[in-house]
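In this text the structure is predicted, and so the values were computed from the model without any measurement.
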Amino acid sequence: MNPGEPIDYHVMEAMLDVERLDEIVAQVNAEDSWWFMNYERALQRGEVLASLMRLVKKGLVEVLLEVDDDADPFKSCGPGVWPNVPLAEMHFEVTGRGLVRLLNWIR
């Protein structure tokens, strides 16, 4: 199962760690990002959000929520789950399966 669009690979590549939507948008649009160097245009927030929704649905990215636990400050919502919470509360992380797809794409 491959991501649906080239944007999806670039969005996953921009996610260095657990990230919020606006952090991903900033990283994918950085002048030294693969996306910007290849397409020379900034991705809109809505485009990144649509990509994240596709990636979550495919199990390549997961949504995490902050919890009050010093040992592990994030809790996964589960594979393919887009929770019914405000977007500002969501964090995103590439899954193991997503990382394999990303590394195969980079090669």
Side-chain angles (χ1 to χ4, degrees):
M1 175 185 346
N2 291 320
E5 301 187 24
I7 288 173
D8 296 349
Y9 287 108
H10 291 280
V11 167
M12 284 195 299
E13 186 268 331
M15 297 170 61
L16 302 175
D17 197 8
V18 175
E19 307 282 351
R20 291 180 184 260
L21 173 61
D22 290 334
E23 295 166 336
I24 297 166
V25 171
Q27 289 178 31
V28 80
N29 287 328
E31 288 184 11
D32 62 345
S33 75
W34 287 8
W35 171 263
F36 199 82
M37 289 189 300
N38 285 302
Y39 298 98
E40 298 179 344
R41 78 167 182 90
L43 283 175
Q44 299 301 312
R45 188 174 191 265
E47 291 175 293
V48 175
L49 179 57
S51 174
L52 286 168
M53 293 174 88
R54 282 191 301 273
L55 291 165
V56 167
K57 183 177 180 181
K58 293 177 181 182
L60 303 176
V61 166
E62 64 182 356
V63 177
L64 306 175
L65 300 176
E66 284 187 65
V67 293
D68 192 16
D69 183 352
D70 291 335
D72 189 2
F74 297 103
K75 177 183 176 196
S76 171
C77 292
V81 175
W82 191 275
N84 188 20
V85 299
L87 190 55
E89 294 180 19
M90 295 183 198
H91 295 73
F92 301 92
E93 181 176 50
V94 176
T95 64
R97 221 172 79 198
L99 184 59
V100 168
R101 295 287 181 201
L102 180 61
L103 293 174
N104 284 329
W105 173 70
I106 290 172
R107 285 192 229 170

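Checking each of R101, K57, R54 against D8 for a salt bridge (charged side-chain N to carboxylate O under 4.0 Å, His left out) leaves exactly one that passes, namely R54.
Nearest heavy-atom pair, V94 versus L99, reported as atom, atom and distance to 0.1 Å: CG1-N, 3.3 Å. Minimum heavy-atom separation, E89 to H91: O-ND1, 3.6 Å. The two residues Y39 and P6 have their closest heavy-atom pair at OH-CB, 3.9 Å. Shortest non-hydrogen contact noted between A14 and I24 is CB-O, 4.2 Å. The two residues Y9 and L102 have their closest heavy-atom pair at O-CD1, 3.7 Å.
Aromatic ring pairs are classed by plane angle as parallel below 30°, tilted from 30° to 60° and perpendicular above 60°; the pair W34 and H10 is perpendicular.
Under the 4.5 Å side-chain criterion, counting only non-hydrogen atoms from C-beta, M15 is in contact with L52. Using a 4.5 Å heavy-atom threshold, the side chains of R41 and L43 count as touching. Counting heavy atoms from C-beta outward, R45 and L87 have side chains that approach closer than 4.5 Å.
Residues W35 and W105 fall within the same hydrophobic cluster, defined by Ile, Leu, Val, Met, Phe, Trp and Tyr side chains chained together at heavy-atom separations under 4.5 Å. Note: the hydrophobic cluster containing V63 also contains V85 (ILVMFWY, side chain heavy atoms under 4.5 Å, direct or indirect links). Cluster annotation: F92 is not connected to V67 through the hydrophobic network of ILVMFWY side chains, with a link wherever side-chain heavy atoms come within less than 4.5 Å. A single hydrophobic cluster is not seen to contain both V81 and F74; linkage of ILVMFWY side chains at heavy-atom distances under 4.5 Å, directly or through other members, places them apart.
Not a single salt bridge (Lys or Arg N to Asp or Glu O under 4.0 Å) links E93 to another residue, sequence neighbours left out. Scored by the side-chain contact (heavy atoms from CB on, under 4.5 Å) test, N104 finds V100, R107 as partners (sequence neighbours excluded). A search for salt bridge (Lys or Arg N to Asp or Glu O under 4.0 Å) contacts involving E66 returns R20, not counting sequence neighbours.
A distance of 5.5 Å separates CG in L60 from CZ in R97, rounded to the nearest 0.5 Å. Residue L49 holds its CG atom at 11.0 Å from CD of E47, rounded to the nearest 0.5 Å.
Of the possible donor and acceptor atoms, none in the side chain of T95 sits under 3.5 Å from a partner among the backbone N and O of E62.
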